[in-house]
Amino acid sequence: KNEVEQSPQNLTAQEGEFITINCSYSVGISALHWLQQHPGGGIVSLFMLSSGKKKHGRLIATINIQEKHSSLHITASHPRDSAVYICAVAFHYGGSQGNLIFGKGTKLSVKP
Amino acid sequence: DGGITQSPKYLFRKEGQNVTLSCEQNLNHDAMYWYRQDPGQGLRLIYYSQIVNDFQKGDIAEGYSVSREKKESFPLTVTSAQKNPTAFYLCASSTDRVNEQFFGPGTRLTVL
């Protein structure tokens, strides 16, 4: 079964802290996505990557294909970063080939 | 502004009634998707369409139906056969299946 595991499930941080959210998956993938879901429910795509590292503002996403692992980092966190962060992957093989499989999300709360 | 719209944001229906959720995009995207989100679970794919007049079942298609008569529109009907329809429904689109997906704001359906 193709699975996506995220950790931690919940994360509370103080403003200014460096934050890391992890995502592990079980088999070969063609791409990995990081998404942000705000309390109202809307989802925004942050990154799509298949190798290496991408950076956008205070957000950095990395992926290690050999270890089947990705991390999302937030530098100098701010209360407006409070949201649910979701990892999703497109697997190469299996019944879900090509479709995105989503992790359960990491709920981040940044306190002022 | 280009984007995806879903209406309404909140929808209430009586048990046994069919209900149709709207999804419209003006991004000129070929591919469109419907996902369901339940508390504590990752998003799950209901149906997707790669091109007009074509659509495929996702992982949890039972009790749902779709149509894709126009490129811009991908309505989802939740039928009375869906045993547990109360959920948050998200529509998404992308240029094709391998690229970044853009999400709508979602519709929260409650069946009474």
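Quick note on labels: first sequence line is chain A, next is B, and so on, each numbered from 1.
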Colleague: So which part of Y35(B) gets closer than 4.5 Å to some heavy atom of chain A, the side chain, the backbone, both or neither?
Modeller: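 Side chain only.
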Colleague: I43(A) versus chain B, heavy atoms under 4.5 Å apart: side chain, backbone, both or neither?
Modeller: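 The answer is both parts of I43(A).
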Colleague: Please classify the contact of L43(B) with chain A as side chain, backbone, both or neither, using a heavy-atom distance under 4.5 Å.
Modeller: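 Both backbone and side chain.
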Colleague: Does any heavy atom of chain B fall under 4.5 Å from the side chain of Q37(A), the backbone, both, or neither of them?
Modeller: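 Q37(A) touches chain B through side-chain heavy atoms alone.
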Colleague: In terms of heavy-atom proximity below 4.5 Å to chain A, should E100(B) be classed as side chain, backbone, both, or neither?
Modeller: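 Both backbone and side chain.
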Colleague: Do the non-hydrogen side-chain atoms of F47(A) and K55(A) ever get within less than 4.5 Å of each other?
Modeller: no
Colleague: Identify all side-chain donor-acceptor contacts of residues 8-15 of chain B below 3.5 Å with residues at least two apart in sequence or on another chain.
Modeller:
residue	atom	partner	partner atom	Å
K9(B)	NZ	G40(A)	O	3.4

Colleague: Spell out, as yes or no, whether a donor-acceptor pair under 3.5 Å connects the side chain of Q6(A) to the backbone of Y85(A).
Modeller: yes
Colleague: Does any donor atom in the side chain of S71(A) or N22(A) lie under 3.5 Å from an acceptor atom in the other side chain?
Modeller: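 Side chains of S71(A) and N22(A): pair found under 3.5 Å.
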Colleague: When rounded to the nearest 0.5 angstrom, what is the spacing between CG in L90(B) and OG1 in T107(B)?
Modeller: 8.5 Å
Colleague: Please classify the contact between Q37(B) and chain A as side chain, backbone, both or neither, with a heavy-atom cut-off of under 4.5 Å.
Modeller: side chain
